[in-house]
Amino acid sequence: MPAPDKFFKYIDDNADTFIKRLAAAVAIPSVSGDGTHRKDVVAMANWLNSELKQLGVDTKLVDLGKHVMDEQELDLPPAILGKLGNDPNKKTVLIYGHYDVQPASKSDGWDTDPFTLVVDEKNGRLIGRGSTDDKGPVLGWLNVIQYHHQNNIPLPVNLICCFEGMEESGSEGLDDLVRKESKKGGYFEGTDCICISDNYWLNTRTPALTYGLRGLAYYKVTVAGPGRDLHSGTFGRTVHEPMTDLISLLGTLVTPQGDILVPGVDDMVPPPDEDEKAIYAGLDYSIADIEGAAGGQIALSSDKVAVLMGRMRYPSLSIHGIEGAFYGAGGKTVIPAKVSGKFSIRLVPPQTPDNINPLVIDHLEKAFAKLGSKNKLNIEAAHGGKPWMADHRHWNYEAAKRATKIVYNQDPDLTREGGSIPVTLTFAEALGVNVLLLPMGRGDDGAHSTNEKIDKSNFIQGSKLLGSYLYELADVSK
Ligand SMILES: NCC(=O)N[C@@H](Cc1c[nH]cn1)C(=O)O
Ligand SMILES: [Zn+2]
Ligand SMILES: [Zn+2]
């Protein structure tokens, strides 16, 4: 049975209430990558847990232990596990999402306070950190549950929830929990399929289902030498400068055209055949889409297939920042004593952090040796995850295709995502079931960026899509 009309009407009628709930979630600055915000991440867990409980979900908070971040030992935020329904005649779907967010501050270039949801009625946008990644989609599930709870209607499937607060910082602690709870007698036992809403459409007009994610290998490379920051007038051309060494090293990693210079990394990936290229050629996508989403006319190629393959089926290396460098206003003439460059590589099959790390470390050590510097080099392979691919001909995808057609009256694009959600592969391997990525937001939402938004229509239609997917799941033959 498809989702009833009164479900769709309920979502439309309650849009303002749902937006208020999203505003309350955005107001909690649950930045997992900044230790000073850890109490906020925990506050967000408590808030979400309490909302779920009020909607009749049987939840528990799971302590994931401690970890060290920036030389400080911190409690990991809890995972929230929940169950709704336990009917042996229904399918059981596990939904995953995250309640932590990327850092954001007005000084990064936001037009408004990132933690105050701005309802831009003129453009139909809800602007705030986490609006699309991933508080909006997580609350989309709550919107669906609320309709059933308030109307005393059972869900068409049994639901198991797993929400975490460390996704943006390597999902620490979660893999062990997923493996433990996937065993016989564990919390996730009986799961038939998984749905994750934590990525984006390719463009701004075509809904998508996603069957692949790139993996990630994240690095911190530190160069240190002087005992303290130095005056460049007194010490310039007198000592080996850490910043100069680091810039030289970072310059050996990738070309401005995106080719990865670490020997062996690009070569590991087999070239596409003509059939695969035809898949990319058939996607509803243009150079204007990528340039619109990037906010500049800066695409690496004017060939749509080349650009899509760069995002979906090739690795990429990005340099993110330099810790310890002078970056403020004014012209401070300092030689920083210790600087750390941060970069990451998005991985595609058959690449994994285990087979990429030795190549990167070997390359950096050789490049540093060539500099002839007396400074010291330290290389840290920080968090990472393997790439993931799923079978998009599976009934889980069929249910989502039908739901998309019902809600949007369109067939979805079938995409591979350039980003990473490392726990996806852990779920797939530990439970041995199909995983579907069902994005809610658009390609120009600006996740991780300034002025992150979700369109109001995507939040509302996306909530309908999640609900409709559950009804189609109940119907589809296994
Ligand atoms: N929406 C998924 C997402 O944004 N994932 C992050 C994961 C990550 C890893 N390190 C920091 N964040 C991504 O960057 O792809
Ligand atoms: Zn993210
Ligand atoms: Zn996310």
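Just follow the structure's listing: the first ligand is 1, and inside any ligand the first atom is 1.
Side chains of D133 and D198 form a contact here, defined as non-hydrogen atoms less than 4.5 Å apart. You'll find the side chain of Y469 reaches within 4.5 Å of the side chain of L436, heavy atoms only. In this structure, S105 and D108 have side chains that are in contact, with non-hydrogen atoms separated by less than 4.5 Å.
Taking the six-membered ring where the residue is Trp, H392 and Y397 present perpendicular rings, their angle passing 60° and hence far from 30°.
Of all protein N/O/S atoms, those lying under 2.8 Å from the Zn ion (ligand 3) come to 4.
Under the 3.5 Å distance criterion, with hydrogens and angles disregarded, a donor-acceptor pair is assigned to the side chains of T210 and T415. Remark: the N46 side chain and the N49 side chain contain no N/O donor-acceptor pair separated by less than 3.5 Å. Judged purely by distance below 3.5 Å, without hydrogens or angles, the side chains of R179 and T426 never pair a donor atom with an acceptor atom.
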Between side-chain atoms of residues 25-37 and protein atoms elsewhere (two or more places apart, or another chain), which donor-acceptor pairs fall under 3.5 Å?
from : atom 1 : to   : atom 2 : distance (Å)
S30  : OG     : Y99  : O      : 2.8
S30  : OG     : K135 : NZ     : 3.0
S32  : OG     : D100 : OD2    : 2.7
S32  : OG     : S169 : OG     : 2.9
D34  : OD1    : T36  : N      : 2.9
D34  : OD1    : T36  : OG1    : 2.7
D34  : OD2    : T36  : OG1    : 3.2
H37  : ND1    : P29  : O      : 3.3
H37  : ND1    : D40  : OD2    : 2.7

Show me, pair by pair, the donor-acceptor contacts under 3.5 angstrom made by side chains of residues 279-287, not counting sequence neighbours?
from : atom 1 : to   : atom 2 : distance (Å)
Y280 : OH     : E276 : OE2    : 2.8
D284 : OD1    : R205 : NE     : 3.4
D284 : OD1    : R205 : NH2    : 3.1
D284 : OD2    : R205 : NE     : 3.4
D284 : OD2    : T206 : OG1    : 2.5
S286 : OG     : A288 : N      : 3.3
S286 : OG     : D289 : N      : 3.2
S286 : OG     : D289 : OD2    : 3.3

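Using a 4.0 Å heavy-atom criterion, the residues that approach ligand 1 are Q102, D133, E167, E168, D198, Y200, L216, R346, H383, G419, S420, I421, H448.
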